[in-house]
Every structure is written in C-alpha cells, then in structure tokens.
Number of protein chains: 2
Amino acid sequence: MNERKRQVMLLAKKLFIDKGFTATSVQDILEEAKISKGTFYNYFTSKNECLMAILEDAHNESVIRRRELLVGRDKKDKDILAGQILVRMQVNRELNLLPIYEAVFYSTDEELRNFVKAYHLSELKWIAGRLVDVYGEEAKPHAFDCSVMTLGMIQQLNHFWKAGSSKDPDIEKLVHFTFRRMDALMSDMIKQKDVLLEQHLISSLEIPAGDLKEKLQEDLLVLKKKLEQEQIGNCVDYANFLLSELQAENPRVSLLEAVGRSFREDSNGKMLADRVNEVIFLLWKYIDSIKANS
Amino acid sequence: MNERKRQVMLLAKKLFIDKGFTATSVQDILEEAKISKGTFYNYFTSKNECLMAILEDAHNESVIRRRELLVGRDKKDKDILAGQILVRMQVNRELNLLPIYEAVFYSTDEELRNFVKAYHLSELKWIAGRLVDVYGEEAKPHAFDCSVMTLGMIQQLNHFWKAGSSKDPDIEKLVHFTFRRMDALMSDMIKQKDVLLEQHLISSLEIPAGDLKEKLQEDLLVLKKKLEQEQIGNCVDYANFLLSELQAENPRVSLLEAVGRSFREDSNGKMLADRVNEVIFLLWKYIDSIKANS
DNA sequence: CATATTTTATACCGTCAGTCCAAAATAAGC
DNA sequence: GCTTATTTTGGACTGACGGTATAAAATATG
C-alpha cells in the first residue's frame, strides 16, 4: 500500500474512532488529511472501502498479536486462550469497533457486510479450534457452539457493563469470569452430548498454502531491500534469516516463530513498521499452514 | 392514537421489516401510505419518532403475550420461562427487530438510543426477576449476570445460525438448548459464588402504581363506550366486568388475569383491537404492581 | 353556513456520498 | 534539460436523504 494512502487511512481511522463511522463524513477526512476529494476517491473507491481497509488492518494486527502470545507456550494453557481473546477485546476497544461492526452488519453495502461476516466467522472458527486445543478431542462436537456462546456472553456482559456504569468495563475481569462459565458450559455439554449448530459450519478454514510461501518470500525480499536502504540493522538480519530458513526443505517452525515475533517487536514505531506488519502477517499464516499439515 | 396515524405506523413497520430501517426513506413511507410529507411530519416529528412508536408497540405486545403465558401457571415452571423468552424471539423475528436495535443503539439520536437502552435494560431486569422465581432466592446475586449471558448466548447462536444456514433458525430448539446451558451456568455460579455485574444495576423496576389505576379505569371506560357503539358484545361484557372488579377494595387478581387474557383474544382481528391492546397493556402493569406489593 | 383543523402539493434547505473534469504539480524516461 | 505519464488538485455537479415552510384545498365541527 502506498505510504500516503496508508497515512490517509490512519487519519480516517482516528476520525472513525473519535466520531464514529457514520458521523464522520468524507469531507472530514479530506480536511484532516489535507487532501482533495479526487485524491481520496483515487485511493478508495468509496467511504466503505476505506473502512474495509481499516478493518482489515485491525484484523491482521490482532491475528498477529494473538498468534505471538502462543510462541513457546503450551497450546493447552487456558490462560493463554484467555489472553488471546483479551487481545480481540482490546483491539475492539482501541478502535471502537463494536459500533462499527453492528452498523456495518446491517448496512446496505453487501460487500462490506460480507466482509464483516467473513471476519466474524473466521474468528469463531479460530476460537473453536483453540477450544479443541484446550479441552481435547472430546470437545470437538461442541467447540463451535461453545465459541459462539462464549463470544455472546462476553459481548453482552461488556455491553451492559458499559450501559450500566460510567467507567469502562474491566475487560480482563470480564473475560476471566466468562472463562469460568465456559468451563461449566463445556463439561456440561460433553456430559449431556448436547449439540446445537451443525457440524458442517465448522468445516476447517481453508489454508491455501500454495502460493502463500512464494508470496511471503517475494514480499520479504522487497522488504529487506527497503530496510537496507533505511539502514535498519537488526531488521535486515531478521529478514535475511527468515529468507534463508524458508529456503530449507523443512523450515524450523519454532525459529520462524521466535524471529517473526522479534522482527515485529523491533520494527515497532520505526519507519516501515507497517510494511513489516504486512509481511509478518503472511509469515504467521504460513506457519499455521505448516502446523495444520503436520 | 389516531386511527389514520396508526395505519401509517403499520405501513411504515411493514417497510422497515422488508427493507430495513435505514434503507427505508420517508419518501417510501409516503408513497406506501399515500399521504403527503406534511401529514407524516404532522403525525411524527421525525423518522426516528416513527420508529420509536413502532418499537413501543412491539414492546407492549410482547409484554402482554409473555404475561398471558403465566396465567394460572406455576411461576417456578422453567418451561413457562422458556416460552416467555420464546415470545421475545418471535416478536423480534416477526418485526426483524434485531438489526434495528443494533443500528439504533449506536445512532446519533440520543433520545432514540436511550429508548432502546431502557427497553433492553427493563428486559434484562424482567428476565433476572423471573430467574429468581425459577431458581429461588439463592440465585438472586447471579440473576442479572445470568440473564445477560443467556440473552447473549441466544442472540449469538441465532445470529450465526442465520449466517451459516439458508433456512431460518429453529428458535424453539435454540432457546431450549440455551436453557439447558443456563442450568449449568446457574448452578456453577451459585456453587462458586461468582458474581460479575454490580448489584445496584438490578435495583427493582419502579412500578408507579399511583395513577396507573385511574388511567386504566379512564381508558377502560372510553373503550367500553366505543365497543358499545360498534356492538361488539363479548368485549363489552369483559370491559364491564373489569370496571366493576376494579371498584372493589381488593380486586381478585386471578379473575382480572383470566378476563384480561380472554378480552384480548376475543378482540383479536376485530375492529378496535389495537385500542384493546393498549388498555390491556395497562391492565397487566396494574396486576403486576398489585402482585409486587403483596 | 361559517369556522377550525387537517391534509395536500410543492418548493426549498443543508448535508451527504459520489462523479467528473480541466488544470496544476510531480515523477519518470530519454 | 526536456518531454511524456501519472498523480493531485479544487471545485462544480448530481441525486438522494431528512426535514422545514407555506399557501391552498379538503374535511370536520359547531
């Protein structure tokens, strides 16, 4: 993505957070970003597309952050899962996303609607998968039900905590409370062999491992050259290592994970951080595809 | 409410259901109702107020229907509660209310927002109260948490059932599934003495029993006269009985309940049915205020 | 029949998302 | 340095929206 375009996006994001999506006019964005209408519609075909870019960005960010929490940890650890779901809540709060999601979900723009729908669904599938990690295979038939209910409980509790109290909800307390409830739910469902939602909804998320690797390598190479120009030492090393490791027949996953996480940490705040993020996002997708196929 | 105004409201409702609230323009309503813009803004000060009238109508309708389910039944019966919550789901589905609620909750119109907020809150308090009926006093500290979570589970399950499948969700199955989960939740929370949301949120719903009775009697009298004009025999009898029973020092509640329910049933589809509904809504509020104070 | 209210039709306002376009600024190729 | 593409600009424009204003016509009321 164009550097200038990204800047416009970030300013739009700021406005959407502060004023809300519908209350922010394109004119507001133009003034904030000091660009003309023509330029805006050159970058984005519509205000909705601009929002979609922001949402995608946020989505990728939380996918990475969640994935990083698992590096070197036991995937059965329930606290890790709680932490991962907390990330989602934090991102939602930071970007004030809930109102946006709701507004969008019932908007007339079908593309936008489908975008958010697909995101929600992938979110649920991911949680369901993690629930199987944590609760074992016997939880599988109930994982989707449980993820949906858990998300529903969290959302509503958050909602009414906000409505009833002036101060922001303590989302950590909220998530842990819900997790204790989820425990009871899960064992009860397993005991009663009680299933609601059809299994086929859970059909594993397709991971197109095919061109993923090539894309990753290409982008890494481009990124490395830019990093070299900017003389950001550490990051060049990271990029070089990842490139060489990806050449190996069986890349060592744990190394990819470790370096990937540090790469992003070190680039944080620096120039090109956004570009790094984009590449690292691909890296995690690639790592997950390896893990899924082993 | 003016008869013609009510008709416009019903047509607007139809459009909102079919096309969604935001997608329906005032112009659409004018054409559908074959009225001029001036008339519309004579009835309602804004499109939002029109929506509020519709929501209030739906709310009253489901309050009545839910309350009728309890007539002569044991308030501890869990199936009754399930049926009552089902009523809510049915009304929501019939009027396609969920999208409207969500859209409104984050709208910029504060009045509209507060209206929906208050409705949601009263809904939760009502469920919490019913949970205490069913699970006993020991459930009291957890009743609000539980009602929030239950609603959250139902809503999300419904949401994703709809998203994942082409056909409409089987809400009866859904509610009963959720009720089995709620059982586990409740006993777990009681055992663990685990509470999240502050107690003060639950502060009992104020029932202004004061002028309620006079208002009820007035409206009943007006209604009776209209019914006599239209020569709707049965209903006149009902109205007369209610009026006389309300004169008594201690009106017999079970009789009020029985007659109230039949009154509405018999008027269903007939002329003035809407007027009957309005009065019967007051009747149930009055009955509940008696029950609460005994 | 006269007075009061409601309804109508239409013109109008400001705001919005989005289109179009000619001119100016910037970048790229030779 | 000069020329050719591309991007950016700013403003005019469209059509839809919610909502206002008003004078005339229809309807109800006494």
Side-chain angles (χ1 to χ4, degrees), chain A residues 1-13 15-16 18-55 99-100 103-104 106-113 115 222 225-226 229, chain B residues 1-13 15-16 18-55 99-100 103-104 106-113 115 222 225-226 229:
Chain A
M1 191 184 294
N2 184 337
E3 209 55 44
R4 194 143 163 63
K5 177 177 174 180
R6 163 148 255 122
Q7 224 195 329
V8 173
M9 199 191 84
L10 293 178
L11 287 169
K13 183 166 96 175
L15 288 175
F16 289 167
D18 292 348
K19 307 178 55 174
F21 175 64
T22 44
T24 301
S25 68
V26 173
Q27 194 58 41
D28 292 335
I29 301 174
L30 305 185
E31 281 158 22
E32 187 75 17
K34 294 188 184 78
I35 58 170
S36 73
K37 205 159 201 172
T39 309
F40 180 87
Y41 280 101
N42 186 25
Y43 290 152
F44 310 100
T45 64
S46 70
K47 187 185 165 192
N48 281 346
E49 208 204 65
C50 174
L51 174 62
M52 273 167 59
I54 293 170
L55 292 182
I100 292 176
V104 154
Y106 302 106
S107 86
T108 51
D109 184 326
E110 198 173 341
E111 200 187 347
L112 186 52
R113 236 172 36 224
F115 180 85
V222 174
K225 286 179 182 156
K226 289 195 178 167
Q229 281 175 17
Chain B
M1 191 182 298
N2 184 335
E3 210 54 45
R4 194 144 161 64
K5 177 175 174 183
R6 164 149 256 123
Q7 221 195 330
V8 173
M9 201 192 82
L10 293 177
L11 286 169
K13 183 165 96 177
L15 287 175
F16 291 166
D18 292 348
K19 306 178 57 174
F21 175 64
T22 46
T24 302
S25 68
V26 173
Q27 193 58 44
D28 292 336
I29 301 174
L30 305 185
E31 282 159 22
E32 188 73 17
K34 294 190 184 77
I35 58 169
S36 74
K37 207 162 197 174
T39 308
F40 180 87
Y41 281 101
N42 185 24
Y43 291 153
F44 311 100
T45 65
S46 70
K47 187 185 164 192
N48 281 346
E49 210 205 64
C50 173
L51 175 61
M52 272 165 59
I54 294 171
L55 292 182
I100 292 176
V104 157
Y106 301 106
S107 88
T108 50
D109 184 326
E110 199 173 338
E111 200 188 344
L112 187 52
R113 237 174 35 226
F115 181 85
V222 174
K225 285 179 183 159
K226 289 195 179 169
Q229 280 176 16

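So that the names make sense, note that chain A is the first sequence line, chain B the second, and so on, each numbered from 1.
Cation-pi geometry between B:K47 and B:F21 is met: the NZ or CZ atom falls under 6.0 Å from the ring centre, inside 45° of the normal.
The side chain of A:Y41 sits closest to C:dA17 out of C:dT7, C:dA17, D:dT20. Of the candidate nucleotides D:dT7, C:dT8, C:dA17, D:dT7 has the atom lying nearest to any side-chain atom of A:N42.
The distance from atom CZ of B:F21 to atom C1' of D:dC17 is 12 Å, rounded to the nearest whole Å. Across the protein-nucleic acid pair, A:K37 atom NZ and D:dG10 atom P stand 13 Å apart, rounded to whole Å. Remark: P of D:dT7 and CZ of A:F44 are 15 Å apart, rounded to the nearest angstrom. Computed from coordinates, the B:R4 CZ to D:dT27 P distance equals 10 Å when rounded to whole Å. One can place NZ of A:K5 at 14 Å from C1' of D:dT7, the figure rounded to the nearest angstrom. The nearest whole Å value for the distance from the CD atom in B:Q7 to the C1' atom in C:dT6 is 16 Å. Note: NZ (A:K34) to P (D:dG10) measures 12 Å, nearest angstrom. Taking atom CZ of A:F40 as the reference point, atom C1' of D:dG11 lies 18 Å away to the nearest angstrom.
Each of B:I35 and A:D28 has a nearest nucleotide on DNA chain C; the 5'-most of these lies closest to B:I35.
Contact annotation: the side chain of A:F44 approaches that of A:M9 to within less than 4.5 Å [non-hydrogen atoms, C-beta and beyond]. Inter-residue side-chain proximity for B:K19 and B:D28 is flagged as met; some heavy-atom pair is nearer than 4.5 Å. With a 4.5 Å cut-off on side-chain heavy atoms, B:R4 and B:T39 do not count as touching.
Among the protein residues, B:T39 comes within range of the nucleic acid bases, having at least one heavy atom under 4.0 Å from a base atom. At a threshold of 4.0 angstrom between heavy atoms, the contacts of A:Y43 are confined to the sugar-phosphate backbone, with no base atom among them.
Taking only distance into account, the side chain of A:K47 never meets the base of C:dG18 through a donor-acceptor pair shorter than 3.5 Å.
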Can you list the steps and then say if B:I29 with B:T24 is a side-chain contact (heavy atoms from CB on, under 4.5 Å)?
-> CA-CA 8 Å; B:I29 301 174; B:T24 302; 4.0 Å; yes
